[in-house]
Amino acid sequence: MATFVLVPGFWLGAWAWEEVAAELRGAGHRVYAVTLPGLAERAGEAAARVDVDAHVADIIGLLEREDLREVVLVGHSGANMAVTGVADRVPGRLARVVYVDTAPLPSGLAQVDFDPGARAEVERRVAQEGGGRVIPPPAFDPVAEPGLLAGLDGAALARLRERATPQPWGTAAQPLARPARVPGTPKSLIMSTVPVAVVEQRVAAGDPMFAMLAGPEWTFHELPTGHWPMLSRPADLAALLGRL
């Protein structure tokens, strides 16, 4: 039996992991699916003051409150910032960190810096639609984003649109300062929208955005689908997590 802590990406809550969590529990594992401050049922928690540090502290609080050890910490998409911060600060509680269609960013970068060309549009939406505090959810339009939304049927798309909540801007805008020597906790990458071969090429080429993936503690895996595999291929994702 393993202990999993599942952290959802931007705009999502613990609800996004329901099917994956059920599969893992059915296989005998202990599972904690997390809703982070400012999102889903916790949307009312002062989004203007919620940043990466708040999300890191919330997850560490769970680990300490439940005295969880040998944890497999799983982060999807924008949760890479929070799970990376947790991995840096309490490595002794973790057995493995798993990044689902995402990866840790270099020290000093914020999530919004990953795609500099998109930053102006995100800031415009925050200012004009989010009151300067939150990033409104996307439209989840399969015509506009066929790759990201691949594998989602009508029911899953409806779920995303109905249950997604605005993302606190601070969680995208705050950089994560990392220690000079980061812990060597085993780490795994599960890619759904980018082939592993492409990731390996970028790592070998010395791409600074992929620099954190070069260590011997990493394993790379593919689960081809869209950007939300917990909704499009939950049983397969749970099986892969169980094998890791």
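Note that the structure is a prediction, hence the values are computed from the model and not measured.
- The closest donor-acceptor contact from the side chain of Glu222 to the backbone of Val196 lies under 3.5 Å.
- Atoms CZ and CZ, on Arg133 and Arg49 in that order, are 10.5 Å from each other to the nearest 0.5 Å.
- Under the 4.0 Å criterion applied to side-chain N and carboxylate O atoms, Glu18 and Arg159 are assigned as salt-bridge partners.
- Taking 4.5 Å as the limit, every side-chain heavy atom of Leu176 sits out of range of all side-chain heavy atoms of Ser107.
- Linking ILVMFWY side-chain heavy atoms closer than 4.5 Å, directly or via other members, places Leu62 and Val74 in two distinct hydrophobic clusters.
- A continuous path of Ile, Leu, Val, Met, Phe, Trp and Tyr side chains, each step under 4.5 Å between heavy atoms, connects Tyr32 with Val86, placing both in one hydrophobic cluster.
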For Leu36 and Val7, what are the C-alpha separation, side-chain angles and deciding distance, and is it a side-chain contact (heavy atoms from CB on, under 4.5 Å)? CA-CA 8 Å; Leu36 294 170; Val7 186; 3.7 Å; yes

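- The two residues Gly75 and Ala79 make their nearest non-hydrogen contact at CA-CB, 4.1 Å.
- Counting all heavy atoms, side chain and backbone alike, Val97 lies closest to Ala87 at CG2-CB, 3.8 Å.
- Looking at heavy atoms from C-beta onward, His227 lies out of side-chain contact with Leu152 at the 4.5 angstrom threshold.
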Going by atom type alone, with no hydrogens or angles, which donor-acceptor pairs under 3.5 Å involve a side-chain atom of residues 235-244 and a protein atom two or more places apart or on another chain?
| residue | atom | partner | partner atom | Å |
| --- | --- | --- | --- | --- |
| Asp236 | OD2 | Arg233 | NE | 2.9 |
| Asp236 | OD2 | Arg233 | NH2 | 3.0 |

Candidate pair Ile59 and Leu73, rule side-chain contact (heavy atoms from CB on, under 4.5 Å), full reasoning: CA-CA 10 Å; Ile59 299 170; Leu73 179 62; 4.3 Å; yes

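- One hydrophobic cluster, built from ILVMFWY side chains closer than 4.5 Å, cannot hold both Leu68 and Val72; they sit in different ones.
- What you find for Pro175 and Gly108 is that their closest heavy atoms are CB-O, 3.4 Å.
- Atoms CD and CG, from Gln111 and Leu105 in turn, are 5.5 Å apart once rounded to the nearest 0.5 Å.
- Contact annotation: the side chain of Trp17 never approaches that of Val34 to less than 4.5 Å [non-hydrogen atoms, C-beta and beyond].
- Proximity of Pro234 to Val20: side-chain heavy atoms (C-beta onward) are separated by under 4.5 Å at one or more points.
- A single hydrophobic cluster is seen to contain both Met81 and Leu39, as judged by linkage of ILVMFWY side chains at heavy-atom distances under 4.5 Å, directly or through other members.
- Note that the CG atom of Asp101 and the CG atom of Leu189 stand 8.0 Å from one another [nearest 0.5 Å].
- Take Val203 and apply the side-chain contact (heavy atoms from CB on, under 4.5 Å) test, not counting sequence neighbours, and it matches Val199, Phe210, Leu213, Ala214.
- Listed by chain and residue number, Trp228 satisfy the ring-ring contact (aromatic ring centres under 6.0 Å, His included) test with Phe140 (two or more places apart in sequence, or in another chain).
- Among residues at least two apart or in separate chains, there is no side-chain hydrogen bond (donor to acceptor under 3.5 Å, both in side chains) pair with a member in residues 136-153.
- Between Phe4 and His29, the ring planes lie perpendicular to each other; the angle is over 60°, past the 30° to 60° tilted range.
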Run the numbers on Trp169 and Asp51 for side-chain contact (heavy atoms from CB on, under 4.5 Å), then give the verdict. CA-CA 7 Å; Trp169 170 234; Asp51 55 14; over 6 Å; no

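- From Thr3, atom OG1 reaches atom CZ of Arg30 across 4.0 Å, with rounding to the nearest 0.5 Å.
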Apply side-chain contact (heavy atoms from CB on, under 4.5 Å) to Ile60 and Arg93, showing your working. CA-CA 9 Å; Ile60 292 176; Arg93 290 187 177 270; over 6 Å; no

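- When hydrophobic residues (I, L, V, M, F, W, Y) are linked wherever their side-chain heavy atoms come within less than 4.5 Å, the members clustered with Met212 are Val182.
- For Arg69, the salt bridge (charged side-chain N to carboxylate O under 4.0 Å, His left out) criterion is met by Asp67, not counting sequence neighbours.
- Taking both residues in full, the closest heavy atoms of His55 and Pro37 are given as NE2-O, 2.9 Å, listed atom of the first, atom of the second, then distance.
- Separation of atoms CH2 (Trp15) and CZ (Arg163) is listed at 6.0 Å; rounding is to 0.5 Å.
- Summarising the geometry, atom CG belonging to Leu12 is positioned 7.0 Å from atom NE2 belonging to His76; distances are rounded to the nearest 0.5 Å.
- Remark: Phe220 CZ is packed, more than 12 non-hydrogen atoms of other residues, nucleotides or ligands lying under 6.0 Å away.
- Nearest heavy atom pair, residue Ala21 against residue Val31, reads CB-CG1, 3.8 Å.
- By the side chain to side chain donor-acceptor pair (under 3.5 Å) test, Gln174 pairs with Asp53, sequence neighbours left out.
- The shortest distance between side-chain heavy atoms of Leu149 and Leu157 falls below 4.5 Å.
- Between the side chain of Thr35 and the backbone N or O of Gly13 there is no donor-acceptor pair closer than 3.5 Å.
- Remark: side-chain polar atoms of Trp11 are paired, donor with acceptor, to backbone N or O of Ile135 under 3.5 angstrom.
- Of the possible donor and acceptor atoms, none in the side chain of Ser77 sits under 3.5 Å from a partner among the backbone N and O of Gly9.
- Val50 forms part of no hydrophobic cluster, judged by ILVMFWY side-chain heavy-atom separations under 4.5 Å.
- Of the possible donor and acceptor atoms, one in the side chain of Ser192 sits under 3.5 Å from a partner among the backbone N and O of Leu223.
- Put simply, Val83 and Leu6 are part of two different groups of oily side chains (I, L, V, M, F, W, Y) that touch within less than 4.5 Å, one to the next.
- When side chains are defined from C-beta on, Pro91 does not count as touching Leu94, because their heavy atoms never get closer than 4.5 Å.
- Of the possible polar contacts, none joining the Ser232 side chain to the Gly151 backbone as a donor-acceptor pair under 3.5 Å is found.
- With sequence neighbours left out, Trp218 forms a ring-ring contact (aromatic ring centres under 6.0 Å, His included) with Tyr99.
- Applying the 6.0 Å contact sphere to CZ of Arg124 captures more than 12 heavy atoms from other residues, nucleotides or ligands.
- Closest non-hydrogen pair, Pro8 versus Ala14, comes out as CG-N, 4.3 Å.
- For Glu162, there are no side chain to side chain donor-acceptor pair (under 3.5 Å) partners two or more places apart in sequence or in a different chain.
- In terms of the side chain to side chain donor-acceptor pair (under 3.5 Å) criterion, residue partners of Arg125 (sequence neighbours excluded) are, by chain and number, Glu129.
- Applying the side chain to side chain donor-acceptor pair (under 3.5 Å) test to Arg96 and every residue at least two apart in sequence or in another chain returns Ser188.
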